[in-house]
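What you see is a predicted model; the values in this text were computed from it and never measured.
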Amino acid sequence: MERIEEGNDVFLHDGSKAVGAVREVHAQQIVVYVENAGDFTVPMSAVKEVDSGKVVLDRAKLEPRMREAIANEHRAEDPRLG
């Protein structure tokens, strides 16, 4: 697995749209910023893959508050713009 670095984009599935960005990297966790929701602490056990600057998370291992923030972010987007 590649090294996680600040600024890496965060995804729930490889090839999907980014759900956030890595703000901090610690030995046992990372801090991920989700737009319009703030920072969330994610345990390293929730990281499924790191490749080419992308961090893919296991949705099932995220705290409910973070899952809801990600869902709200995508609902708020205007599908006509993308």
Side-chain angles (χ1 to χ4, degrees):
M1 186 181 300
E2 287 184 33
R3 190 176 146 200
I4 299 172
E5 297 182 9
E6 290 179 17
N8 285 155
D9 286 329
V10 176
F11 299 81
L12 293 183
H13 308 285
D14 191 23
S16 65
K17 183 172 179 173
V19 298
V22 176
R23 295 259 266 201
E24 298 175 21
V25 181
H26 303 280
Q28 300 298 318
Q29 63 196 24
I30 58 176
V31 176
V32 174
Y33 174 76
V34 176
E35 191 171 345
N36 297 321
D39 292 336
F40 293 88
T41 301
V42 177
M44 286 297 187
S45 62
V47 176
K48 287 184 4 183
E49 181 181 349
V50 181
D51 186 35
S52 302
K54 294 187 207 176
V55 178
V56 180
L57 302 178
D58 182 342
R59 186 183 201 296
K61 294 183 179 179
L62 302 178
E63 64 176 280
R65 195 173 65 87
M66 183 175 184
R67 289 194 305 259
E68 183 64 26
I70 291 167
N72 287 338
E73 176 190 2
H74 288 284
R75 276 195 289 267
E77 294 174 354
D78 185 342
R80 297 170 292 174
L81 299 177

Side-chain heavy-atom pair Leu57, Val47 within 4.5 angstrom cut-off =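 Yes, their side chains come closer than 4.5 Å.
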Would you name the heavy atoms of Asp9 and Ala18 that are closest together and state the gap between them?
-> CB-CB, 4.2 Å
Return the set of residues passing salt bridge (charged side-chain N to carboxylate O under 4.0 Å, His left out) with Asp58 (not counting sequence neighbours), or none when no residue passes.
-> none
Taking only residues two or more places apart in sequence, or in another chain, which ones meet Ala46 in a side-chain contact (heavy atoms from CB on, under 4.5 Å)?
-> Val42, Pro43, Lys61, Leu62
Working to the nearest 0.5 angstrom, can you tell me the gap between [X] [atom1] and [Y] [atom2]?
X: Lys48; Y: Arg59; atom1: NZ; atom2: CZ; answer: 11.5 Å
X: Phe40; Y: Arg65; atom1: CZ; atom2: CZ; answer: 4.5 Å
X: Thr41; Y: Met66; atom1: OG1; atom2: CE; answer: 9.5 Å
X: His26; Y: Ile4; atom1: NE2; atom2: CD1; answer: 11.5 Å
X: Glu24; Y: Glu6; atom1: CD; atom2: CD; answer: 7.0 Å
X: Ile70; Y: Lys17; atom1: CD1; atom2: NZ; answer: 12.5 Å

Could you give me the CA-CA distance, side-chain angles and deciding distance for Met44 and Val25, then say whether side-chain contact (heavy atoms from CB on, under 4.5 Å) is met?
-> CA-CA 10 Å; Met44 286 297 187; Val25 181; 4.3 Å; yes
Taking a hydrophobic cluster as the set of Ile, Leu, Val, Met, Phe, Trp and Tyr residues connected by side-chain heavy atoms closer than 4.5 Å, whether directly or through intermediates, do Val19 and Val31 fall within one such cluster?
->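 Unlinked, Val19 and Val31 end up in two clusters.
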With distance as the sole test, does Glu5 use its side chain to make a donor-acceptor pair with the main-chain N or O of Gly53 at under 3.5 Å?
-> no
Apply the test side-chain contact (heavy atoms from CB on, under 4.5 Å) to residues Val10 and Val22: give CA-CA distance (whole Å), side-chain angles for both, the deciding distance (0.1 Å), then the verdict.
-> CA-CA 7 Å; Val10 176; Val22 176; 3.7 Å; yes
